[in-house]
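Below: one structure, written as C-alpha cells.
Per chain, numbering begins at 1; letters A, B, ... match sequence-line order.
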Amino acid sequence: MRYWLMKSEPDVYSIADLARDRHEIWDGVRNYQARNFLRSMTVGDRAFFYHSNTKPPGIVGLMEIVKADIVDPSQFDPHSKYYDPKSNPEDPRWRTVKVGYLATFAAGISLDQLKAQFTPEELGVVRRGNRLSVMPVDEAVAAKLLAIAQQGE
DNA sequence: GCCAACGTTGGC
DNA sequence: GCCAACGTTGGC
C-alpha cells in the first residue's frame with residue numbers, strides 16, 4: 001500500500017464534503033505529472049487530503065483509493081470547467097480514481113507545521129513554488145504525519 | 001524546436 | 001490582490 005497527497009480547494013471540494021459523500025470521483029486534474037501519479041494508484045492506497053488556497057493551508061484528513069484508473073467524466077462534459085475538447089473518447093486523455101472517506105484530523109496539520117517537520121526533499125508540498133496537486137508520500141513520512149495527526153486528537 | 005506570451009496555481 | 005513559479009500554446 002502506498003501513500004499520496006492530494007490537494008483540493010475547500011471552496012471547491014472539502015474534507016467535509018467527502019465526509020458527507022463518503023466517496024467521490026477525484027475529477028478535474030489537468031496536469032500530466034499529476035495524472036501519471038493518479039494512474040499509478042491502486043485500490044487500498046491511502047491519500048492525505050490537503051486543503052489549498054485557504055487559511056491555513058494544510059493536511060486535514062485521510063482517504064483511501066476505492067477504484068483505480070477510471071476515466072474522468074468531466075473531460076467530455078461541455079458544461080464542465082474541466083471540459084477538454086481535445087480529449088478523444090476512444091482514448092481519454094484524463095484518468096483518475098475514486099476516493100473514499102476515512103478520517104478528518106481533529107487538529108489538521110498546517111503548512112507551517114509541515115514546513116517545520118519536513119524538508120522539501122521529504123515532502124513535496126513544502127517545496128517552494130510547488131504546484132503539483134497529486135504527489136507520492138514516503139511511507140516513513142506518512143507514518144510521521146499519522147502520528148502528528150493522532151497527537152492532535 | 002525555440003521561446004515569448006499567456007494562463008493557472010497557490011502562498012502570502 | 002499580488003506575484004513567483006511554471007506549464008501550455010502558438011508563431012516562426
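Linking Ile, Leu, Val, Met, Phe, Trp and Tyr whenever their side-chain heavy atoms come within less than 4.5 Å leaves A:Met63 and A:Ile25 in two separate clusters.
In terms of position on DNA chain B, the residue among A:Asp112 and A:Lys81 whose nearest nucleotide sits closer to the 5' end is A:Lys81. Map A:Asn53 and A:Asn130 each onto its nearest nucleotide of DNA chain C; the residue landing nearer the 5' end is A:Asn53.
The shortest distance between the side-chain N/O atoms of A:Arg128 and the OP1/OP2 oxygens of C:dA5 is below 4.0 Å. Contact annotation: A:Lys86 does not reach the phosphate of C:dT8 (side-chain N/O to OP1 or OP2, under 4.0 Å). At the phosphate of B:dT9, neither OP1 nor OP2 sits under 4.0 Å from any side-chain N or O atom of A:Tyr50.
Taking a cutoff of 4.0 Å between a charged side-chain nitrogen and a carboxylate oxygen, A:Asp84 and A:Arg93 qualify as a salt bridge. Residues A:Asp17 and A:Arg20 are paired through a salt bridge, judged by an N-O separation under 4.0 Å between the basic side chain and the carboxylate.
Across all strands shown, A:Lys7 has heavy atoms under 4.0 Å from sugar-phosphate atoms exclusively, and none from any base.
Residue A:Trp94 contributes atom CH2, which lies 13 Å from atom P of C:dG7 at whole-angstrom precision. Atom CD in A:Glu9 sits about 15 Å away from atom P in B:dC12, given to the nearest Å. Taking atom CE of A:Met6 as the reference point, atom P of B:dG10 lies 13 Å away to the nearest angstrom.
A ring-ring contact (aromatic ring centres under 6.0 Å, His included) with A:Phe49 is found for one member of A:Trp26, A:Tyr101, A:Phe105 and no other, namely A:Trp26.
When the nucleotides C:dT8, C:dA5, B:dG10 are ranked by their closest atom to the side chain of A:Arg131, C:dA5 comes out on top.
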